[in-house]
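To keep things clear, I will list the structure first and then write my remarks on it.
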Amino acid sequence: MHQDCIFCKIVAGVIPCFKIYEDEHTLAFMDINPVNPGHCLVVPKNHAPNLFESDDADLARTMAVVRKISRAVQKALNPYGLNLLQANGPGAAQSVFHLHLHIIPRERDDDLRMNWGLKSGNKDEIAAVAEKIKEALED
Ligand code: AMP
Ligand code: ZN
């Protein structure tokens with residue numbers, strides 16, 4: 001665990017999250033500042049600050065989980081579209097320096113741009129969407 005890394009703390013269970021999925025190497029949880037409902041994150045449990053310094057096996061496993069969660073989001077929410085996003089460095093608006101993939105369901109005419117402003121989501125709504133995605137994962 002990397003001492004000052006918030007996602008390492010989430011992986012270790014020191015900080016709570018709205019967990020969707022976990023296996024030996026990977027964790028998926030809801031973004032607390034969702035740009036759209038269903039916005040979630042997938043991280044390798046091993047710390048790597050960004051894509052450049054990621055481990056091959058961790059990256060492959062993370063991407064497999066990204067696909068699994070994306071399928072569940074697609075099934076649960078039937079969004080207008082779905083984007084993946086992954087930021088490297090402050091110039092790319094990376095704010096948490098533990099590798100993570102954003103899964104972003106799109107809404108029609110949401111006019112989403114690449115670097116959106118962080119706005120706290122409603123915790124009850126985030127929890128409710130997390131349940132829907134988890135149910136779709138079980139099917
Ligand atoms: P990035 O700009 O790609 O580094 O994105 C980091 C993301 O992590 C942002 O969308 C934040 O809303 C999200 N985030 C930060 N802290 C937490 C947390 N404790 N739980 C869930 N998501 C978080
Ligand atoms: Zn970390």
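What you are looking at is a predicted structure, and each value in this text was computed from that prediction instead of being measured. One-based numbering, in listed order, for ligands and for the atoms of each.
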- Item | Test of proximity, W116 against ligand 1: N or O pairs below 3.5 Å | no
- Can a non-hydrogen atom of L41 be found less than 4.0 Å from any atom of ligand 1? yes
- With only distance considered, is N33 within less than 3.5 Å of ligand 1 through an N or O on each side? yes
- Message: For ligand 1, which is the ligand I care about here, please tell me if A93 has any N or O atom under 3.5 Å from one of the ligand's N or O atoms.
- Response: yes
- Message: Is there a continuous path of hydrophobic side-chain contacts, each under 4.5 Å between heavy atoms, that joins L137 to V65?
- Response: yes
- Does NZ in K134 sit with more than 12 non-hydrogen atoms of other residues, nucleotides or ligands closer than 6.0 Å? yes
- When you measure from atom 23 (C) of ligand 1 to every protein heavy atom, which one gives the shortest distance, and what is it? I32 CG1, 3.5 Å
- Message: According to a hydrophobic-cluster definition based on side-chain heavy atoms being under 4.5 Å apart (Ile, Leu, Val, Met, Phe, Trp, Tyr only), do W116 and M114 belong together?
- Response: yes
- A87: numbered ligand 1 atoms lying under 4.0 Å from its heavy atoms: 3 (O)
- Message: Testing I69, L85, T62 one by one against L101 for a side chain to side chain contact (heavy atoms under 4.5 Å, CB included), which residue passes?
- Response: T62
- Message: Is there a polar contact between ligand 1 and H39, counting only N or O atoms under 3.5 Å apart?
- Response: no
- Would you mind naming the N, O or S atom of H98 nearest to the Zn ion (ligand 2)? ND1
- Query: Judging by distance only, is a nitrogen or oxygen of V96 under 3.5 angstrom from one on ligand 1?
  - Reply: yes
- Which is it for F29 and ligand 1 at heavy atoms under 4.0 Å: side chain, backbone, both or neither? side chain
- Query: Is the shortest heavy-atom distance from the side chain of Q74 to the side chain of P79 under 4.5 Å?
  - Reply: yes
- Query: Taking the Zn ion (ligand 2) as the vertex, how big is the angle to SG in C5 and SG in C8, rounded to 10°?
  - Reply: 120°
- Item | Sole residue of N36, L77, V73 in side chain to side chain contact (heavy atoms under 4.5 Å, CB included) with L82 | V73
- Examine ligand 1 and decide if any of its atoms is less than 4.0 Å from a heavy atom belonging to F18. no
- Decide whether the shortest distance between a heavy atom of H102 and an atom of ligand 1 is less than 4.0 Å. yes
- Item | Option nearest atom 16 (N) of ligand 1 (shortest heavy-atom distance, choices L99, N115, I6, I104) | I6
- Query: What is the distance from atom OG of S95 to atom CG of N115, rounded to the nearest 0.5 Å?
  - Reply: 10.5 Å
- Do E24 and R61 sit within salt-bridge range, that is, some charged N less than 4.0 Å from a carboxylate O? no
- Item | Straight-line distance of K132 NZ to K75 NZ, nearest 0.5 Å | 14.0 Å
- Distance to 0.1 Å, residue and atom name: give those for the protein heavy atom nearest to atom 4 (O) of ligand 1. S95 N, 2.7 Å
- Message: With rounding to the nearest 0.5 angstrom, report the CG to CG distance, L112 to N83.
- Response: 7.0 Å
- Measure the distance from atom 1 (P) of ligand 1 to every protein heavy atom, then report the residue, atom name and distance (to 0.1 Å) of the closest one. H100 NE2, 3.1 Å
- Query: So how far is it from F18 CZ to E131 CD, rounded to the nearest 0.5 Å?
  - Reply: 10.0 Å
- Task: With the Zn ion (ligand 2) as the reference point, give the N/O/S atom of H47 that is nearest.
- Result: ND1
- Message: Suppose we measure from atom 9 (C) of ligand 1 to each protein heavy atom; which comes out shortest, and what is that distance?
- Response: D31 OD2, 3.4 Å
- Query: How far does NE2 of H100 sit from CZ of F7, to the nearest 0.5 angstrom?
  - Reply: 5.0 Å
- At the 4.0 Å heavy-atom cut-off, does I10 count as touching ligand 1? yes
- Message: Any atom of ligand 1 sitting under 4.0 Å from a heavy atom of F7?
- Response: yes
